[in-house]
Amino acid sequence: MAFIATANVEVAASPHEVWHALTDPDLIQQYFFGSRVNTDWQPGSPITWSGEYNGTAYQDKGTVLEVKQDRLLRVTHFSPMTGLPDEPENYHTLTFELDAHDVGTRVSLTQDNNASQEEADRATANWSTMLDGLKKTVEDG
């Protein structure tokens, strides 16, 4: 059985403004738990998230899979903090979808490859917090 984490948020801004916040390292650091992202956003390129969590430095990593400006961003993600070996089966795929509508942009995020419903629920809670931060960052300008 596949355990998928999902989260979404409505942002009172254009997809272009939301996209900018999803891909600008300075803005990402404001809402993504202090993580510093490093990538060139080209499909096939590496991506890293570096920061500190509960006093412990970390560097998560992955690969940029798909980029459709203002619409879709798909990357893989692995965190050594899980304690799992750095092997393909321990990576998640994160998919960010942006849909424009009357009052702004709906951002939908999915994370696949969760080992259990409990893990998917924890990921959903974390991603919901992150997306709320994205919303605040964009709307507060």
Side-chain angles (χ1 to χ4, degrees), residues 1-84 86-141:
M1 176 172 205
F3 299 102
I4 308 290
T6 60
N8 53 67
V9 69
E10 302 286 339
V11 182
S14 70
H16 184 74
E17 292 168 294
V18 174
W19 181 264
H20 178 69
L22 275 178
T23 57
D24 181 288
D26 293 329
L27 293 176
I28 293 167
Q29 194 166 7
Q30 292 178 35
Y31 65 81
F32 205 118
F33 310 112
S35 287
R36 186 70 186 175
V37 171
N38 186 14
T39 187
D40 65 8
W41 300 113
Q42 297 302 306
S45 291
I47 182 170
T48 59
W49 297 263
S50 303
E52 194 175 288
Y53 180 75
N54 288 342
T56 302
Y58 67 86
Q59 184 174 70
D60 294 358
K61 65 180 187 168
T63 302
V64 177
L65 298 178
E66 191 174 2
V67 178
K68 293 181 181 171
Q69 185 166 338
D70 300 343
R71 294 188 298 137
L72 176 79
L73 178 62
R74 184 172 288 129
V75 300
T76 62
H77 174 259
F78 172 76
S79 176
M81 293 181 81
T82 62
L84 297 170
D86 182 357
E87 296 172 351
E89 61 268 18
N90 294 321
Y91 281 67
H92 300 285
T93 300
L94 305 177
T95 303
F96 298 83
E97 294 179 86
L98 280 56
D99 294 304
H101 55 77
D102 305 354
V103 296
T105 304
R106 179 179 181 84
V107 182
S108 303
L109 184 155
T110 59
Q111 175 186 296
D112 71 0
N113 201 30
N114 297 284
S116 65
Q117 187 59 54
E118 293 75 24
E119 184 180 311
D121 291 345
R122 281 193 304 277
T124 293
N126 286 338
W127 292 127
S128 294
T129 299
M130 186 276 293
L131 288 179
D132 288 344
L134 169 69
K135 173 183 173 72
K136 182 172 180 7
T137 299
V138 173
E139 290 179 357
D140 290 355

Keeping to residues at least two apart or across chains, list the salt bridge (Lys or Arg N to Asp or Glu O under 4.0 Å) pairs with something in [range].
range            : result
residues 43-59   : none
residues 29-51   : Asp26-Arg36
residues 129-138 : Lys135-Glu139, Lys136-Asp140

How would you list, by chain and number, every residue that makes a side-chain contact (heavy atoms from CB on, under 4.5 Å) with [X], sequence neighbours excluded?
X      : result
Lys68  : Glu66, Arg71, Leu72
Glu89  : Glu87
Thr129 : Phe33
Gln59  : Thr48, Ser50

Find the distance between [atom1] ([X]) and [atom2] ([Y]) and round it off to the nearest 0.5 Å.
X      : Y      : atom1 : atom2 : answer
Asn90  : Ser79  : CG    : OG    : 11.0 Å
His92  : Thr82  : NE2   : OG1   : 7.0 Å
Thr124 : Gln117 : OG1   : CD    : 7.5 Å
Leu94  : Met130 : CG    : CE    : 8.0 Å
Phe96  : Leu134 : CZ    : CG    : 8.5 Å
Asn38  : Lys61  : CG    : NZ    : 14.0 Å

Evaluate Gln42 against Val67 for side-chain contact (heavy atoms from CB on, under 4.5 Å), listing each step before the verdict.
CA-CA 7 Å; Gln42 297 302 306; Val67 178; over 6 Å; no
Quick one: do Thr93 and Asn113 satisfy side-chain contact (heavy atoms from CB on, under 4.5 Å)? Show the steps, please.
CA-CA 7 Å; Thr93 300; Asn113 201 30; over 6 Å; no
Does Tyr58, at its OH atom, have more than 12 non-hydrogen atoms belonging to other residues, nucleotides or ligands within less than 6.0 Å?
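Counting other residues, nucleotides and ligands, OH of Tyr58 exceeds 12 neighbours.
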Could you work out, with ring pair (Phe, Tyr, Trp, His ring centres under 6.0 Å) as the rule, every residue matching His77, not counting sequence neighbours?
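For His77 the ring pair (Phe, Tyr, Trp, His ring centres under 6.0 Å) partners, ignoring immediate neighbours, are Trp49.
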Tyr91: which residues meet the ring pair (Phe, Tyr, Trp, His ring centres under 6.0 Å) condition with it, sequence neighbours left out?
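In terms of ring pair (Phe, Tyr, Trp, His ring centres under 6.0 Å), with neighbours along the sequence ignored, Tyr91 is linked to Phe78.
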Please give me the minimum heavy-atom distance between Pro25 and Thr23, naming the atom from each residue.
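For Pro25 and Thr23, the tightest heavy-atom pair comes out as CD-O, 3.4 Å.
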Test item: [X] and [Y] side chains (from C-beta on) under 4.5 Å apart, heavy atoms:
X     : Y     : answer
Trp19 : Leu73 : yes
Leu65 : Pro43 : no
Leu98 : Leu22 : yes

With Thr95, which residues qualify under side-chain hydrogen bond (donor to acceptor under 3.5 Å, both in side chains), at least two apart?
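Expected list: Arg74.
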Donor-acceptor contacts under 3.5 Å from residues 3-16 side chains, at least two apart:
unit_1, atom_1, unit_2, atom_2, d
Asn8, OD1, Arg106, NH2, 3.2
Glu10, OE1, His101, NE2, 2.4
Glu10, OE2, Arg106, NH1, 2.7
Ser14, OG, His16, N, 3.4
Ser14, OG, Glu17, N, 3.1
Ser14, OG, Glu17, OE1, 3.1
His16, ND1, Asp70, OD1, 3.3
His16, ND1, Asp70, OD2, 3.4

Quick check: does any side chain N or O of Ser45 sit under 3.5 Å from a backbone N or O of Trp41, one acting as donor and the other as acceptor?
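Looks like no, no N/O pair under 3.5 Å.
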Any donor-acceptor N/O pair, Thr63 side chain to Pro46 backbone, under 3.5 Å:
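Not a single qualifying donor-acceptor pair exists.
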Set of residues satisfying salt bridge (charged side-chain N to carboxylate O under 4.0 Å, His left out) with respect to Asp112, sequence neighbours excluded
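Not a single residue meets the salt bridge (charged side-chain N to carboxylate O under 4.0 Å, His left out) criterion with Asp112.
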From CA spacing to verdict: side-chain contact (heavy atoms from CB on, under 4.5 Å), Val107, Val18:
CA-CA 8 Å; Val107 182; Val18 174; 3.6 Å; yes
